[in-house]
Amino acid sequence: MSSPTPSVLLKDIRKAYGATVALDGVTLELKPGEVHALLGENGAGKTTLMKTLFGLTQPDTGHIEIGGVTTTIASPRDARSAGIGMVTQHFSLVKTMTVGENLALAEAGLIRVDLAKARRIAQEAADRYGLEVPADAVVAGLPVALQQRVEILKALAAGCRYLILDEPTAVLGPKDVDSLLAVVERLRDQESMSVVLISHKMKEIERVADRVSVLRRGAVVASTTAKGMTTRELVSLMVGSDAAESVERIAQATRGDAAVALALRDVSVKRQLGGLDDVTLEVREGEILGVAGVSGNGQSELVDVLSGTLRPDYGQLEVAGKVVVDPSPFALLAAGVGILGEDRHASAVHHLPVVENLVLDQLRSVTRLGHLDRAAMAERCETAIKEFEIKATPSQHLGTLSGGNMQKVLLARLFGRSPNAAIVSQPTRGLDIASTRYVRSLIAGARDKGTAVVLVSEDLDEVLELADRVAVMYRGRVAGILHANEVTRERLGELMAGVSA
Amino acid sequence: MKPRFVLRAENPWWRGPLLVVMAAIVTFVITAALIRWSGGNPVAAFRYMFVNPLQSKFGFTESILSATPLVFTGAAVAIAFRAGYWNIGAEGQLLAGTIGATWFGLHAESFPAVVAVPGILLAGALCGAAWSLAPALLRARLGIDEVVTTLLLNPVALLVITGLLNGPWRNSETGFPDSDVIAESAMMPVVWPGTRVHLGLVFGIVVTLGCWWFVGRMTGGLRLRAVGLAPGAARIAGLPVERTMLTTALVSGGIAGMGGASEIAGVAHQLTIGISSGFGYTGVIVATLAALSFIGSLVVALILGIINVGSFSASRALSIPTTMGEVVQSVLLITVVAALVIQKYRIVWKSSDS
Ligand SMILES: Nc1ncnc2c1ncn2[C@@H]1O[C@H](COP(=O)(O)OP(=O)(O)O)[C@@H](O)[C@H]1O
Ligand SMILES: [Mg+2]
């Protein structure tokens with residue numbers, strides 16, 4: 001039924017975006033008939049690596065071998081003819097068309113749309129892989145799980161032997177995850193296909209993966225058989241061992257007598273996917289509370305609650321001992337809470353100049369008789385550019401700055417209002433080494449000046465380096481809180497895996 | 001190969017003017033072909049359209065008169081668009097303004113002009129703002145797309161006028177569906193003796209300059225721009241996104257309504273079915289051509305006023321369709337929008353790499 005599948009080797013792949021090194025010499029082998037799981041924090045380079053295999057991006061150096069033969073994959077078309085298919089995180093379906101039309105379009109391009117054939121493909125997929133799709137339904141009206149099936153079907157119909165699924169389960173509920181994994185198993189067992197599965201969920205990997213590789217900061221730090229591996233072992237693979245690398249800790253023991261600057265009490269957010277479950281946290285003046293966890297265990301929701309963009313269903317927020325009755329972004333800012341969100345682009349007005357972005361959350365302080373005090377704004381901007389070493393002019397639009405400099409502008413804005421509490425989420429994601437070091441020193445500096453800091457990060461090194469206490473999130477709960485002197489990677493790993501709750 | 005749009009870091013001073021000139025050239029080439037095709041001589045047609053109105057005092061002042069409502073609607077659309085509120089309803093809001101102005105004008109007999117003239121503008125502004133209230137609330141509270149709702153309310157305003165003119169406001173002397181003439185005290189005085197240019201123009205310019213001042217220099221203006229450019233980021237910065245949008249929508253409707261009042265009090269002196277020849281829709285063109293700059297929209301309004309006057313004489317003299325003026329405006333719109341994109345973004349052709 002199926003011819004033997006060659007193995008695929010990505011060799012010494014390097015890819016940089018400006019100063020950011022997304023992939024730093026990655027070598028990865030994909031074997032036929034295997035489910036290969038890719039693990040790693042967000043920004044580790046998983047998507048970029050798979051994009052190079054699917055021809056969506058070209059590596060700066062390195063090459064790809066298929067069946068031992070060096071193959072150039074310059075476009076997704078090349079990838080398809082080499083038997084590689086990919087379902088990206090963002091789907092590429094024509095939403096106003098039906099499923100059948102989408103399939104036919106993928107088959108024929110724009111030359112000849114063969115609907116009958118598309119229906120046949122859909123029927124066959126349903127029979128063979130249990131991958132049922134309604135051929136005559138319009139895509140826009142379908143739930144995400146079904147749209148995803150259509151994408152998979154498109155890849156299969158193109159005759160792929162290697163199927164790459166980029167975080168397919170991040171958007172699915174438990175039932176849909178189950179049936180997707182069943183399809184993955186069937187593709188491997190019946191069709192001897194290979195599947196690359198990118199996921200943050202250990203349970204899924206435990207269930208289907210034959211091999212697992214872990215990426216960290218653009219490098220493969222582990223690649224091993226996954227058969228028989230428990231969640232526990234998978235997480236410790238991700239977390240690494242204390243012996244393997246040493247992190248310079250600038251954390252300090254928390255002073256227990258300092259006042260509580262910010263607290264969450266019994267906060268719950270009910271959601272189909274993710275959410276928060278009875279979270280209670282306190283952070284004191286002059287301390288950094290690290291929040292660690294595998295991606296998708298409630299960290300984003302926690303930050304959204306703290307920034308006022310997500311209202312909890314239960315529980316309350318306290319700032320400096322006072323309950324914030326109506327926790328809107330405005331109310332929280334007014335109470336002295338500053339936020340650096342995980343997606344800096346979401347906080348930046350790209351088409352406004354740096355000087356205006358810098359005061360956007362503190363307009364009152366630069367207003368005189370309803371007018372902007374341009375002189376004061378310019379002065380503040382000059383100071384910030386010097387103090388935070390921002391490489392930009394005041395009149396430059398924020399959207400044209402590099403990631404590191406944009407982050408510095410947002411940090412300058414955050415610390416410029418001398419907040420009592422600062423929430424910084426994934427502060428160094430995607431930054432080059434110099435910017436990373438600088439941003440971390442800023443955060444430590446704020447702590448030393450008495451600011452209460454909540455540092456949410458998937459980068460364990462960052463948490464280990466900076467946090468005075470570490471709270472670990474697991475399935476929307478606080479699985480445990482460790483003090484700086486009792487933190488070990490092993491202990492963190494256990495909590496992240498949900499072993500001892 | 002596929003195009004990618006990359007934000008330009010800096011714009012040298014010459015790029016804007018250069019692109020405008022290029023857009024004008026492309027517009028001339030395209031419309032010349034169309035004029036040729038409809039049997040006219042393009043050079044003569046352009047002469048009538050752009051040059052003739054400027055060669056006589058009468059042509060020039062009529063152009064200014066024709067630009068007056070566009071000054072209002074241009075500013076109304078520009079300020080709404082700057083706040084990210086896509087108000088396509090300036091036409092309906094202007095018409096609502098004419099209703100309010102007519103009502104006030106018919107009851108203003110006993111007021112002196114110093115009261116009646118500001119009063120009639122205020123009446124127009126209030127009705128225009130009221131007309132924009134429902135779509136603005138729907139957008140701010142429920143997130144319902146204002147493009148559709150504001151647009152759909154435009155013909156409704158015209159229906160209301162038709163109803164009024166065929167009912168309570170039917171002309172008491174002629175019996176035609178035109179309202180009675182408003183009180184003399186509420187009429188806009190002429191500001192350029194010997195022409196029809198009236199005080200409404202001055203109000204329009206003042207309102208436009210007010211918008212310009214507010215948006216560029218006042219704190220509320222920065223709030224408005226931030227909300228328009230990136231509502232999510234504005235919300236994170238604690239700005240009241242919905243309230244800003246709602247207020248701006250009402251102000252925008254008010255300005256358009258004032259434009260309607262200016263037409264009633266300054267030109268027509270009575271309400272008629274044809275009181276607006278699409279001033280609200282043309283306001284969208286004005287604002288867009290001006291790249292949402294308020295000073296620019298004054299200039300564009302004048303240019304479109306000239307084309308309006310000129311295309312009439314062109315069609316009379318050369319027997320090409322009168323709509324050729326609108327065609328020129330539309331082609332200009334497309335080329336200028338393209339130029340604006342090029343001004344803002346660099347277009348990079350890259351082999352399918354991201
Ligand atoms: N098109 C791009 N331009 C600039 N930087 C990018 C681009 N794509 C990815 N990156 C950067 O490369 C790094 C790896 O990203 P990605 O491969 O998406 O990570 P992952 O999929 O593991 O979350 C990140 O720091 C990201 O910011
Ligand atoms: Mg990714």
Side-chain angles (χ1 to χ4, degrees), chain A residues 15 17 47-48 51-52 55-58 74-78 304 307-309 328-334 337 339-341 343-352 356-357 359-374 377 392-393 395-401 410 413, chain B residues 1-2 4-13 15 81-84 210-244 247 251 291-293 340-341 343-346 348-354:
Chain A
K15 174 81 186 175
Y17 294 102
T47 298
T48 307
K51 275 180 164 176
T52 60
L56 281 169
T57 188
Q58 304 307 314
S75 69
R77 197 181 315 149
D78 289 355
D304 288 348
S307 67
T309 50
S328 65
F330 181 79
L332 286 164
L333 284 165
V337 180
I339 293 276
L340 181 79
D343 177 9
R344 56 181 151 271
H345 295 282
S347 307
V349 184
H350 286 175
H351 291 277
L352 282 186
E356 291 185 337
N357 264 290
V359 295
L360 217 50
D361 64 352
Q362 42 207 295
L363 287 176
R364 208 168 285 166
S365 66
V366 289
T367 298
R368 263 198 298 175
L369 299 172
H371 285 70
L372 292 171
D373 185 347
R374 291 275 178 197
M377 283 167 65
T393 61
S395 61
Q396 202 176 336
H397 282 191
L398 189 57
T400 63
L401 270 59
L410 295 173
R413 182 169 97 184
Chain B
M1 297 284 274
K2 62 182 180 189
R4 261 200 326 148
F5 294 90
V6 182
L7 204 56
R8 289 184 196 272
E10 308 278 350
N11 253 317
W13 61 270
R15 185 174 286 133
F81 281 17
R82 288 296 278 276
C211 289
W212 168 71
W213 185 272
F214 174 79
V215 167
R217 310 193 167 215
M218 298 188 66
T219 303
L222 175 53
R223 209 177 280 140
L224 181 151
R225 284 182 286 136
V227 165
L229 291 170
R235 189 170 288 117
I236 290 172
L239 303 184
V241 175
E242 278 71 30
R243 184 148 48 87
T244 304
T247 320
V251 168
L292 307 188
S293 126
L340 289 175
V341 171
Q343 185 178 19
K344 214 161 194 179
Y345 297 93
R346 222 154 24 98
V348 183
W349 292 89
K350 257 193 149 183
S351 62
S352 64
D353 196 343
S354 53

field: Residue selection (most heavy-atom pairs with chain A, distance under 4.5 Å) from B:A230, B:A237, B:P240, B:G221
entry: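 Counting heavy-atom pairs under 4.5 Å, the top option is B:A237.
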Approximate separation, where rounding is to 0.5 Å, of [X] [atom1] and [Y] [atom2]:
X	Y	atom1	atom2	result
B:R225	A:L352	CZ	CG	6.0 Å
A:R374	B:R217	CZ	CZ	8.5 Å
B:L229	A:H351	CG	NE2	7.0 Å

Against chain B, label [X] side chain, backbone, both or neither, depending on which of its atoms sit under 4.5 Å from a heavy atom there.
X	result
A:S307	neither
A:L333	side chain
A:S347	both
A:R368	neither

field: Test side-chain contact (heavy atoms from CB on, under 4.5 Å) applied to B:L239 and A:L363, step by step
entry: CA-CA 9 Å; B:L239 303 184; A:L363 287 176; 3.8 Å; yes
Leading residue by heavy atom contact count with chain B [cutoff under 4.5 Å; candidates A:P329, A:S328, A:A334]: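 Of the options given, most contacts go to A:P329.
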- request: Please name all residues satisfying side chain to side chain contact (heavy atoms under 4.5 Å, CB included) with A:R77, sequence neighbours left out, ordered by chain then number.
  value: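 A:R77: side chain to side chain contact (heavy atoms under 4.5 Å, CB included) contacts with A:S75.
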Stepwise side-chain contact (heavy atoms from CB on, under 4.5 Å) check, A:D361 with B:I236: CA-CA 8 Å; A:D361 64 352; B:I236 290 172; over 6 Å; no
